[in-house]
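Shown next, in structure tokens, is the structure this report addresses.
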Amino acid sequence: KYLCQTCQQLFVPIDPQTACPGCGRKQSVRKLCRDCQCWIKNSSRQLLNNRALFCYNLPMKNFFERYKFRGDYQLRLIFQRRIQQAIKQLGNKRVIIPVPVSATTWQQRGFNQVEGFLEGIDYLAALTVKPDFSKDSQSHKKRRQRLASPQPFTLKPQLNLQQKACLLIDDVYTTGRTLYHASKVLQNAGVSSIKSLTLAR
């Protein structure tokens with residue numbers, strides 16, 4: 001609806017039948033990728049079984065540059081329907097929880113890019129970024145720096161998520177650190193299960 005056929009073909013979809021079952025990386029065979037094998041080896045955390053819809057290639061990078069960093073809010077409409085269709089497939093009886101942005105980012109950008117994809121979807125803004133948390137843009141960090149980042153999230157007060165099944169929504173899965181930080185907070189709140197969905201991997 002919003003892209004011509006030529007531009008649509010620039011974005012590479014990921015087949016969930018062959019993607020990595022841990023992070024959603026595009027592969028020819030469905031097996032755990034090396035990154036997910038490292039997560040299992042180096043931590044006791046259960047994999048998120050992330051579903052990613054598209055590869056993070058150059059056209060996708062350019063999309064996020066305009067959408068997130070230049071504030072072109074209308075661009076949310078390009079992938080909004082695809083994300084919401086995936087939520088309906090994955091999120092049956094799950095609480096939909098978007099990854100939040102910091103107060104500083106909100107002031108600079110004027111919107112949460114993840115929540116922009118969720119217009120019309122019943123979601124719960126359960127997480128917030130700690131007020132004393134300071135971070136540089138994740139997009140400018142190297143892998144080692146991303147993995148070493150401290151816990152930025154906390155649960156909003158007076159929320160009861162005990163025994164709830166949750167679906168975390170984020171824009172891009174890079175190392176997975178952001179989503180695993182978010183899932184840790186939810187696990188501590190007593191949720192029964194967590195999966196995640198991202199636009200890109």
Side-chain angles (χ1 to χ4, degrees), residues 2-3 7-40 43 45-69 75-92 94-101 112-119 121 123 127 137-143 146-147 149 153 165-184 186 193-201:
Y2 297 101
L3 294 178
C7 287
Q8 286 179 6
Q9 293 174 349
L10 296 175
F11 299 100
V12 180
I14 298 176
D15 183 356
Q17 300 301 317
T18 58
C20 170
C23 66
R25 182 195 296 274
K26 182 177 176 63
Q27 299 181 143
S28 58
V29 179
R30 187 169 175 80
K31 62 179 182 179
L32 287 179
C33 69
R34 193 170 74 172
D35 283 356
C36 287
Q37 291 176 29
C38 287
W39 270 115
I40 293 174
S43 74
R45 295 179 184 179
Q46 184 177 356
L47 294 177
L48 282 170
N49 303 120
N50 183 68
R51 166 82 186 280
L53 302 182
F54 294 92
C55 294
Y56 188 74
N57 58 6
L58 183 58
M60 185 62 76
K61 180 180 179 181
N62 292 337
F63 164 80
F64 278 115
E65 176 67 28
R66 288 185 58 185
Y67 176 45
K68 290 171 63 173
F69 303 115
L75 292 183
R76 76 196 187 282
L77 300 174
I78 292 176
F79 296 110
Q80 195 177 76
R81 183 178 177 186
R82 289 293 298 271
I83 289 178
Q84 294 187 8
Q85 287 174 337
I87 288 173
K88 289 178 181 178
Q89 294 172 0
L90 299 172
N92 186 32
R94 288 183 177 270
V95 179
I96 310 303
I97 299 179
V99 169
V101 297
N112 177 337
Q113 73 278 2
V114 179
E115 291 181 357
F117 293 136
L118 303 181
E119 279 183 324
I121 292 286
Y123 66 87
L127 301 173
S137 174
Q138 287 287 84
S139 62
H140 299 124
K141 287 185 177 181
K142 295 182 179 180
R143 177 179 176 80
R146 291 171 187 257
L147 290 174
S149 63
F153 304 123
C166 299
L167 179 64
L168 275 169
I169 312 294
D170 203 2
D171 50 4
V172 181
Y173 186 115
T174 305
T175 63
R177 173 53 75 187
T178 298
L179 284 167
Y180 279 105
H181 274 322
S183 69
K184 182 65 174 177
L186 297 178
S193 68
I194 305 170
K195 290 187 176 181
S196 62
L197 170 69
T198 59
L199 174 61
R201 170 66 170 102

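In plain terms, the two heavy atoms of Val114 and Pro98 that are nearest each other are CG1-CB, 3.7 Å. Nearest heavy atom pair, residue Gln27 against residue Cys33, reads OE1-CB, 3.3 Å. In plain terms, the two heavy atoms of Leu179 and Ser196 that are nearest each other are CD1-OG, 3.9 Å. A pairwise comparison of heavy atoms in Cys23 and Asn50 identifies O-ND2, 2.8 Å as the closest pair. Considering every non-hydrogen atom in both Gly24 and Ala19, the closest pair reads O-CB, 3.8 Å. Nearest heavy-atom pair across Gly116 and Gln80 is O-NE2, 2.9 Å.
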(Q) With side chain to side chain donor-acceptor pair (under 3.5 Å) as the criterion, how do Arg51 and Thr198 come out once you've worked through the C-alpha distance, each side chain's angles and the decisive distance to 0.1 Å? (A) CA-CA 6 Å; Arg51 166 82 186 280; Thr198 59; over 6 Å; no
Q: Evaluate side chain to side chain contact (heavy atoms under 4.5 Å, CB included) for Phe54 paired with Arg82, printing each intermediate quantity in order.
A: CA-CA 10 Å; Phe54 294 92; Arg82 289 293 298 271; 3.5 Å; yes
(Q) I'd like to know whether Asp15 forms a salt bridge (charged side-chain N to carboxylate O under 4.0 Å, His left out) with Lys26, so could you lay out the CA-CA distance, the side-chain angles of the two residues, the decisive distance to 0.1 Å, and finally the verdict. (A) CA-CA 7 Å; Asp15 183 356; Lys26 182 177 176 63; over 6 Å; no
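In summary, of the residues considered (Val95, Ile194, Leu90, Ile97), a side chain to side chain contact (heavy atoms under 4.5 Å, CB included) with Leu167 occurs for Leu90 alone.
Distance CG/Asp35 to CD1/Ile40: 11.5 Å, rounded to 0.5 Å. To the nearest 0.5 angstrom, Gln113 atom CD is 10.5 Å from Leu118 atom CG. Going from atom OG of Ser183 over to atom CZ of Phe153 covers 10.0 Å, rounded to the nearest 0.5 Å. In this structure, CG on Leu186 lies 5.5 Å from CG on Leu168, to the nearest 0.5 angstrom. Residue Ile78 holds its CD1 atom at 10.0 Å from CG of Leu199, rounded to the nearest 0.5 Å. In this structure, OG in Ser193 is found 3.5 Å from CZ in Arg94, a value given to the nearest 0.5 Å.
In this structure Phe117 satisfies the ring-ring contact (aromatic ring centres under 6.0 Å, His included) test together with Tyr67, sequence neighbours excluded.
Counting heavy atoms from C-beta on, the side chains of Ser28 and Thr18 never come closer than 4.5 Å. No side-chain heavy atom of Ile14 sits under 4.5 Å from any side-chain heavy atom of Leu53. Between Tyr123 and Ile87 the shortest side-chain heavy-atom distance does not fall below 4.5 Å.
No donor-acceptor distance shorter than 3.5 angstrom exists from the side chain of Tyr180 to the backbone of Trp39, with no hydrogens or angles considered. Listed for the Glu65 side chain is no donor-acceptor partner under 3.5 Å among the backbone atoms of Phe69. Side-chain atoms of Asp171 do not come within 3.5 Å of backbone N or O of Val99 as any donor-acceptor pair. The backbone N or O of Val29 lies less than 3.5 Å from no partner atom in the side chain of Gln17, so there is not a single donor-acceptor pair.
Sequence neighbours left out, the pairs with a member in residues 8-33 that pass ring-ring contact (aromatic ring centres under 6.0 Å, His included) are Phe11-Phe79.
Heavy atoms from other residues, nucleotides or ligands lying under 6.0 Å from CZ of Arg30 number more than 12.
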